[in-house]
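Have a look at the structure below, then the notes.
For clarity, every value in this text was computed on a predicted model and none was experimentally measured. By convention in this document, chain letters (A, B, ...) are assigned in the order of the sequence lines, proteins followed by strands, and residues within each chain are numbered from 1. Only this structure's heavy atoms are used, side chains among them; waters, hydrogens and symmetry mates stay out.
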2 protein chains.
Amino acid sequence: MGRSKKASDGYHHGDLRAAVIRAAVELIAERGHAKLSLRECARRAGVSHAAPYRHFPTKDALLVAIAAEGFDELYRAGLAAMEGLDDPRDRLDAYGVAYVRFAVQHPVHLRVMFTAELEGCPEDLGREAFELLEHTAVAVVGPGVDPRAAAAAAWSLPHGLSMLILDGRIPAEVVADEAAVEALARSVYALWRGPLGGAG
Amino acid sequence: MGRSKKASDGYHHGDLRAAVIRAAVELIAERGHAKLSLRECARRAGVSHAAPYRHFPTKDALLVAIAAEGFDELYRAGLAAMEGLDDPRDRLDAYGVAYVRFAVQHPVHLRVMFTAELEGCPEDLGREAFELLEHTAVAVVGPGVDPRAAAAAAWSLPHGLSMLILDGRIPAEVVADEAAVEALARSVYALWRGPLGGAG
DNA sequence: TGTTCATGTTGGCAGTGTCAACATCGCATG
DNA sequence: CATGCGATGTTGACACTGCCAACATGAACA
């Protein structure tokens with residue numbers, strides 16, 4: 001039952017903050033967002049019911065921490081996916097596919113990231129990830145287009161697909177495993193490149 | 001303080017079911033999804049704390065009722081928007097714009113509709129709205145394309161845009177009022193028709 | 001007129017978020 | 001080495017919640 005690296009296994013936990021986050025993500029995955037309980041997190045981390053309050057002033061603060069974790073990882077996944085690609089459109093595609101991949105790999109995080117309603121949520125949460133997308137979109141559409149509209153358009157597609165998948169709105173066969181999801185994402189982009197988007 | 005149409009203003013309420021739903025939507029709009037409380041709904045409806053249980057066996061059942069209401073209205077909004085249009089692409093656009101309009105007009109409903117995680121949620125919740133979209137999308141892309149992929153692609157765009165707006169992820173100026181939102185939706189479609197989608 | 005049954009009420013239980021008061025221990029300072 | 005302080009964890013409490021069981025009311029039908 002190693003409690004992890006440093007800190008005696010006695011009174012103090014050692015890395016309770018991370019342990020609570022981990023427990024919360026597990027709990028949400030098991031029971032759903034609405035049934036998350038700080039006290040249950042504490043139990044799973046092996047501490048008393050009020051211990052998490054030393055690290056998170058409020059339940060919402062815990063969720064904000066999860067969201068921040070998610071945005072950070074999403075940003076890095078986007079960067080990694082676009083690495084080495086030069087054509088703006090290829091880069092945008094790559095980000096989009098990575099976005100959807102992130103969604104199925106970290107469904108709890110994505111859900112929490114876009115649940116807002118969180119009080120005390122820092123204004124610029126997720127800004128890096130957003131700006132990366134906006135710049136990529138602007139590079140595709142050129143300088144004549146309102147960047148905010150370009151960003152909204154480029155963001156909506158992978159975001160919508162991700163949310164629909166998380167909500168179980170996409171038939172199960174089409175999202176059976178990670179490869180299937182990636183294929184779906186690519187074909188969604190292809191459709192908007194082709195018959196859905198192209199000239200009629 | 002007329003309690004509405006029939007039913008004496010005494011022991012029995014008359015239309016408690018609808019009153020509870022109304023109160024729940026208000027409450028979520030004010031305090032957020034997570035802080036919805038059946039007891040507070042009961043208070044606002046002017047009944048005792050357990051009265052809602054005569055109409056909803058569980059809190060989730062109340063949310064399912066709200067979602068059903070939303071899907072029904074979304075379906076009818078889509079139908080109305082496409083009425084009189086013949087070109088499949090125009091019809092798909094019209095549905096999409098109506099989808100986003102619905103989102104800003106009924107943010108609570110849309111949020112609840114796509115929160116899933118609801119236990120005892122009927123399998124085919126929202127099927128009408130979905131099938132309408134799928135048929136419209138298939139009419140655009142033709143018979144050679146997997147209908148599930150076509151539906152996913154056509155659905156992702158308005159859904160993603162709606163969710164981003166509800167989450168406050170789109171700059172406030174761009175979604176200041178209903179007209180601005182509609183203009184944004186149209187320009188998102190135009191971008192995927194043009195520089196984002198078209199041949200480079 | 002009398003009974004039934006949907007609807008509403010009261011009271012209670014276990015669980016929750018949050019707070020205040022207290023306990024323990026690592027660490028820097030003498 | 002002693003000491004005391006601040007970060008971290010504990011205990012106990014409060015108001016609130018979802019849900020349940022037992023009871024009350026009254027509208028509609030026999």
Side-chain angles (χ1 to χ4, degrees), chain A residues 1 3-24 26-28 30-66 112 115 117-121, chain B residues 1 3-24 26-28 30-66 112 115 117-121:
Chain A
M1 289 263 190
R3 200 53 79 60
S4 85
K5 40 188 177 182
K6 88 176 178 182
S8 60
D9 268 50
Y11 199 88
H12 289 87
H13 179 283
D15 196 7
L16 183 56
R17 186 187 154 90
V20 169
I21 291 183
R22 222 180 0 249
E26 272 180 34
L27 245 175
I28 296 176
E30 291 171 20
R31 308 189 191 169
H33 193 172
K35 280 156 193 162
L36 170 63
S37 144
L38 271 189
R39 288 169 106 109
E40 177 67 20
C41 289
R43 252 169 255 136
R44 293 197 179 195
V47 296
S48 76
H49 69 245
Y53 282 87
R54 295 295 146 191
H55 300 271
F56 305 100
T58 212
K59 190 181 174 183
D60 274 1
L62 167 59
L63 293 171
V64 169
I66 294 176
V112 173
T115 299
E117 294 187 348
L118 305 176
E119 306 198 2
C121 184
Chain B
M1 288 263 190
R3 200 55 75 61
S4 86
K5 40 189 177 183
K6 88 176 179 184
S8 59
D9 268 52
Y11 199 89
H12 289 88
H13 180 282
D15 196 7
L16 183 55
R17 186 187 155 91
V20 168
I21 291 182
R22 224 182 355 252
E26 272 180 33
L27 245 176
I28 296 176
E30 291 171 21
R31 310 189 189 169
H33 193 174
K35 280 155 193 162
L36 171 63
S37 143
L38 273 189
R39 287 168 108 111
E40 177 67 20
C41 290
R43 253 170 255 135
R44 295 197 178 194
V47 297
S48 75
H49 68 244
Y53 283 87
R54 295 293 144 190
H55 300 270
F56 305 99
T58 213
K59 190 181 173 184
D60 275 0
L62 167 59
L63 292 172
V64 169
I66 294 177
V112 173
T115 299
E117 295 186 348
L118 304 177
E119 305 197 5
C121 184

| note | Closest to the side chain of B:Ala51, out of D:dT17, D:dT10, C:dT9, is C:dT9

| request: Send over the distance from A:Leu16 CG to C:dC25 P, rounded to a whole Å. | output: 16 Å

| task | Side chain of B:Tyr53 only, please: which of C:dT18, D:dC19, C:dT9 is the nearest? | result | D:dC19

| query | What is the distance from NE2 of B:His13 to P of C:dT7, rounded to the nearest Å? | reply | 13 Å

| query | Taking it one step at a time, do B:Glu117 and A:Lys35 satisfy salt bridge (charged side-chain N to carboxylate O under 4.0 Å, His left out)? | reply | CA-CA 10 Å; B:Glu117 295 186 348; A:Lys35 280 156 193 162; over 6 Å; no

| Using a cut-off of 4.0 Å on non-hydrogen atoms, how would the nucleic acid contact of B:Ser37 be classed: base, sugar-phosphate, or nothing? | sugar-phosphate

| message | If I take atom CG in residue B:Asp60 and atom C1' in nucleotide D:dT17, what distance separates them, rounded to the nearest angstrom? | response | 14 Å

| field | Salt-bridge contact B:Arg22-B:Glu26 (side-chain N to carboxylate O under 4.0 Å) | value | no

| Looking at B:Thr58, does any N or O in its side chain come under 4.0 Å of the phosphate oxygens OP1/OP2 on D:dG18? | no

| said: Rounded to whole Å, please give me the gap between CZ in B:Arg31 and C1' in D:dT17. | reply: 12 Å

| task | For B:His49, answer base if it contacts any base atom (sugar-phosphate contacts may also be present), sugar-phosphate if it contacts only those atoms, and nothing otherwise; contact means non-hydrogen atoms under 4.0 Å. | result | base

| request: Let me know the distance between CZ of A:Arg43 and P of D:dT10, rounded to the nearest Å. | output: 13 Å

| said: Mind checking if B:Leu62 touches a base, just sugar-phosphate, or nothing, with heavy atoms under 4.0 Å? | reply: nothing

| Does a side-chain N or O from B:Arg39 land closer than 4.0 Å to OP1 or OP2 of C:dT10, or not? | no

| request: Could you say whether A:Ala50 or A:Glu40 is positioned toward the 5' end of DNA chain C, judged by the nucleotide with the nearest heavy atom to each? | output: A:Glu40

| What nucleotide among D:dT10, C:dT18, D:dG18 has an atom nearest to a side-chain atom of A:Leu38? | C:dT18

| field | A:Arg54 CZ to C:dT24 P, straight-line distance once rounded to whole Å | value | 15 Å

| query | Across the strands shown, which category fits A:Arg17 at heavy-atom distances under 4.0 angstrom: base, sugar-phosphate, nothing? | reply | nothing

Between side-chain atoms of residues 53-63 of chain B and protein atoms elsewhere (two or more places apart, or another chain), which donor-acceptor pairs fall under 3.5 Å?
unit_1  : atom_1 : unit_2   : atom_2 : d
B:Lys59 : NZ     : B:Leu36  : O      : 3.0
B:Asp60 : OD2    : B:Glu119 : N      : 3.1

